[in-house]
Amino acid sequence: MDRLIINTLTAEKRFASIKNGKAERLYIEQPGQQSQVGNIYLGIVEKVVPGMNAAFVNFGCEKSGYLHRDKLPSFVQEHGSKAEKQGRSISRYVHQGERLLIQVEKDAAGSKGARLTAVIELKGRHLVYMPSGKYVAVSKKHGNPELRKNMLQIGESIKTETEGLIFRTSAVNHEQKEIEQDLQELRDLFSDIQRKSDALKKPGLVHGKDYFYEELTGEIDRHRNAEIVSDDPEMRKKLAGYKSGQGTEANIVSYSGAENIFSFYGAEHEIDKALKRVVWLENGAYLIFDAAEALTIIDVNTGKFTGKNNLEETVFAANKLAAEEIARQIRLRDLGGMILIDFIDMKDQESREEVARILESALAEDKRRTRIAGFTLLGVLQLTRKKTKLSITEALTEKCRVCSGAGHVLSSETMAFRLERELWEYRGSDYEAVLVESDSEVANFFLANEGEHKIRLEQVLGLKISFLIADSPKPFYSVRKLGNVREIFESE
């Protein structure tokens with residue numbers, strides 16, 4: 001049975017999509033690490049760079065964001081052909097010190113600041129509304145020409161000259177009256193955003209997205225027949241009555257076991273595998289994942305797989321299996337940007353094309369836009385995948401303090417969230433207290449702000465928590481002892 005596992009009982013929020021017994025997607029959101037994509041801010045232009053046709057905008061975050069000329073409403077709305085407008089400088093459309101309402105298109109990563117747009121998009125149930133978009137489009141999933149033509153006509157009839165609309169997949173199942181209602185709600189939302197922006201005196205957040213909830217409901221829309229399991233009464237209450245894009249109501253099953261829900265359904269193991277550099281395939285071949293700031297390299301090796309026929313057939317069989325697993329790993333690890341795949345060398349062009357087709361087919365249902373550019377002269381397959389957030393490795397690990405950044409270890413935040421989930425498994429037990437040994441950074445997650453989080457957790461679990469701080473070259477924790485209060489606190 002296909003399942004969607006939702007784990008939001010503790011501070012780190014996660015869901016996993018499991019299909020045919022294998023995890024197809026993992027989504028993890030840590031406090032302080034939420035994606036800014038889709039958030040709307042008041043920004044002030046710090047610098048205009050005509051040579052780049054771009055501006056750098058202070059929007060209240062640590063790094064200024066990058067805003068290209070083509071993402072300015074004044075550029076979009078200006079009359080003239082595309083060729084005519086391309087020759088015009090950004091200085092014509094924006095100036096230093098100007099206040100702008102901007103939206104994050106891509107999170108900051110490494111040394112690069114966030115990528116911004118001033119052409120705001122607001123997502124509704126059936127529409128994406130752009131107050132200054134000036135065009136109408138239909139989701140590419142609608143292949144029927146007559147249907148697309150009808151929707152485009154509806155869009156032109158209900159929008160103003162300056163507005164832009166994109167019809168979402170669900171729009172096909174609803175009447176024009178419902179679509180117009182969705183549009184009006186989005187117009188009202190934008191008016192409210194503008195009022196809040198006008199009231200701000202300095203750059204800052206105006207409208208934040210609940211990115212986790214949006215990603216979760218999007219995943220529910222893609223799971224028509226999956227069992228949806230949640231460990232959190234509050235999340236089940238929030239999802240109650242939610243109807244997917246097909247108009248069917250989501251059926252949420254409660255999980256109340258002592259073991260963490262991800263461990264119970266095997267998703268925790270999938271996270272550990274998604275962090276490994278080497279992935280073994282069923283036939284004995286294996287993949288190696290190496291990530292750099294600018295790209296990800298995936299190497300395919302025959303390993304223990306020798307095949308039963310000639311070498312060329314053995315290589316082709318290994319590459320076909322690798323292509324399917326690579327597509328799954330790309331989704332699981334949420335890899336983005338440029339990806340280079342070094343398949344085992346294939347001399348036959350038809351074999352190369354077949355492997356590329358298998359990979360493309362396996363990525364067809366991927367929610368992120370992916371483009372396969374083909375093989376290079378050296379036999380390396382190139383593809384790009386839209387990156388809007390940190391990959392699993394970037395989100396859950398940090399540079400190793402021992403090897404000076406040559407490798408990665410699980411971050412102190414990730415270890416603290418794992419400890420929190422393990423402590424939840426003792427909720428309602430006969431134990432009164434627990435002794436945890438950890439490094440200072442893991443302990444500080446619970447002890448900061450006068451132990452606010454530790455106190456709240458003790459009240460919920462009915463379990464006193466004591467920390468034994470130990471020096472360590474990397475973040476760690478260990479549950480050392482469980483017992484009554486006297487035993488634990490005397491052993492500190």
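What you are looking at is a predicted structure, and each value in this text was computed from that prediction instead of being measured.
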Nearest heavy-atom approach of Asp345 to Val315 is O-CG1, 3.5 Å

May I ask you to check whether Thr414 and Gln30 show a side-chain donor-acceptor distance below 3.5 Å?
yes

Quick check: closest heavy atoms across Ile261 and Ile6, and the distance to 0.1 Å?
CD1-O, 3.8 Å

Less than 4.5 Å apart, side chain to side chain, heavy atoms only: is that true for Arg14 and Glu12?
yes

Tell me yes or no: between the side chains of Ser64 and Glu46, is some donor less than 3.5 Å from an acceptor?
yes

Would a distance-only check, ignoring hydrogens and angles, find a side-chain to backbone donor-acceptor pair under 3.5 Å from Arg421 to Asn260?
no

List for me each residue that meets ring-ring contact (aromatic ring centres under 6.0 Å, His included) alongside His453, sequence neighbours excluded, and say none if there are none.
Phe445, Phe446

Set out, in order, the CA-CA distance, both residues' side-chain angles and the distance that settles side chain to side chain contact (heavy atoms under 4.5 Å, CB included) for Glu324 and Ile358, then state yes or no.
CA-CA 7 Å; Glu324 293 180 353; Ile358 290 171; 3.6 Å; yes

With a 4.0 Å cut-off, would you call Glu24 and Arg331 a salt bridge?
yes

Quick one: does Ile488's side chain get under 4.5 Å of Asn484's, heavy atoms only?
no

Are Glu325 and Arg328 close enough for a salt bridge, meaning some N to O gap below 4.0 Å?
yes

Okay, side chain of Asn283, backbone of Ala285: is any donor-acceptor separation there less than 3.5 Å?
yes

Should the pair Tyr431 and Tyr426 be assigned to parallel (<30°), tilted (30 to 60°) or perpendicular (>60°) ring geometry?
perpendicular

Are Arg385 and Asp334 ion-paired here, with the side-chain N under 4.0 Å from a carboxylate O?
yes

With His68 via ring-ring contact (aromatic ring centres under 6.0 Å, His included) - residues at least two apart
none

Please find the pair of heavy atoms, one from Arg236 and one from Ser230, that lie closest to each other, and give the distance.
NH1-O, 2.9 Å

Donor-acceptor pair, side chain of Ser263 and main chain of Glu259, under 3.5 angstrom:
no

Spacing of CZ belonging to Arg427 relative to OG belonging to Ser256, to within rounding of 0.5 Å
8.0 Å

Salt-bridge test for Glu29 and Lys13: reply yes if a basic N is under 4.0 Å from a carboxylate O, no otherwise.
no

For Ile271 and Phe262, run side chain to side chain contact (heavy atoms under 4.5 Å, CB included): C-alpha distance rounded to whole Å, both residues' side-chain angles, the deciding distance at 0.1 Å, then the answer.
CA-CA 9 Å; Ile271 293 175; Phe262 261 45; 3.8 Å; yes

Can you measure from CD1 (Ile341) to CD1 (Ile297) and round to the nearest 0.5 angstrom?
11.5 Å

Does the side chain of Gln329 reach to within under 4.5 Å of the side chain of Val279, using non-hydrogen atoms?
yes

Side chain to side chain contact (heavy atoms under 4.5 Å, CB included) evaluation trace for Leu410 with Arg418
CA-CA 10 Å; Leu410 290 173; Arg418 289 191 170 191; 3.5 Å; yes

So does Lys112 have more than 12 non-hydrogen atoms from other groups sitting under 6.0 Å from NZ?
no

Can you name the closest pair of heavy atoms from Val442 and Ser412 and give their distance?
CG2-O, 3.9 Å

Below 4.5 Å, heavy atoms only, C-beta onward: do Gln103 and Val119 meet side chain to side chain?
no

Asp348 vs Glu312, side chain to side chain contact (heavy atoms under 4.5 Å, CB included): CA-CA, chis, key distance, verdict:
CA-CA 9 Å; Asp348 182 32; Glu312 190 65 23; 4.3 Å; yes

Whether over 12 other heavy atoms sit under 6.0 Å from Met338 CE
no

Tell me yes or no: between the side chains of Asp232 and Thr8, is some donor less than 3.5 Å from an acceptor?
yes

Side-chain donor-acceptor pair under 3.5 Å between Tyr477 and Glu422, yes or no?
yes

Residues forming a ring-ring contact (aromatic ring centres under 6.0 Å, His included) with Tyr27, sequence neighbours excluded
Phe15, Phe212

First locate atom CG of Asn319, then atom CD1 of Ile344, and finally report the distance between them rounded to the nearest 0.5 Å.
4.5 Å

Do Leu457 and Glu420 come within less than 4.5 Å of each other through their side chains, counting heavy atoms only?
yes

To the nearest 0.5 Å, what is the distance between CG on Leu127 and CD1 on Ile166?
9.5 Å

Going from CD1 on Ile372 to CG on Leu363, what distance comes out if it is rounded to the nearest 0.5 angstrom?
6.0 Å

Between Ile469 and Asp439, which heavy-atom pair has the shortest distance, and what is it?
CG2-C, 4.3 Å

Salt-bridge present (Lys209, Glu214; N to O < 4.0 Å)
yes

Carboxylate-amine/guanidinium proximity below 4.0 Å for Lys454 and Glu458:
yes

If the condition is ring-ring contact (aromatic ring centres under 6.0 Å, His included), which residues does Phe264 pass it with, not counting sequence neighbours?
Tyr255

Taking the side chain as every heavy atom from C-beta outward, state whether Arg480 and Val434 have any pair of such atoms under 4.5 Å apart.
no

CD1/Ile288 to CD1/Ile298 distance, rounded to the nearest 0.5 angstrom?
11.5 Å

Using the ring-ring contact (aromatic ring centres under 6.0 Å, His included) rule, collect all pairs that involve residues 338-363, keeping only residues at least two apart or in two chains.
none

Check Ile330, Leu295, Ile392 against Leu335 for a side-chain contact (heavy atoms from CB on, under 4.5 Å) and give me the one that passes.
Ile330

Between the side chains of Glu105 and Lys71, is the shortest nitrogen-to-carboxylate-oxygen separation below 4.0 Å, so that they form an ion pair?
yes

Against Glu219, only a single residue in Arg25, Arg3, Lys19 fulfils salt bridge (Lys or Arg N to Asp or Glu O under 4.0 Å); can you say which?
Arg25

Quick check: are there more than 12 heavy atoms from other residues, nucleotides or ligands sitting under 6.0 Å from CG of Asp272?
yes

Ion pair Arg357/Glu350, N-O distance below 4.0 Å
no

So, do Tyr41 and His207 sit near enough that their side-chain heavy atoms are less than 4.5 Å apart?
no

List the atom of Val128, the atom of Lys123, and the distance in Å for their closest heavy-atom pair.
CG2-CG, 4.2 Å

When you measure from the centre of the six-membered ring of Tyr213, is the NZ or CZ of Lys238 under 6.0 Å away and within 45° of the axis?
yes

If we ignore hydrogens and angles and just use 3.5 Å, is the side chain of Ser472 paired with the main-chain N or O of Pro475 as donor and acceptor?
no

Do the numbers put Lys474 on top of the ring of Phe476, so that NZ or CZ is under 6.0 Å from the six-membered ring centre and no more than 45° off the axis?
no

With heavy-atom distances below 4.5 Å as the criterion, would you say the side chains of Leu42 and Ile102 are in contact?
no

Salt bridge present between Glu121 and Arg168 (N-O < 4.0 angstrom)
no

Residues passing the side chain to side chain contact (heavy atoms under 4.5 Å, CB included) test with Gln349, sequence neighbours excluded, are Arg352, Glu353

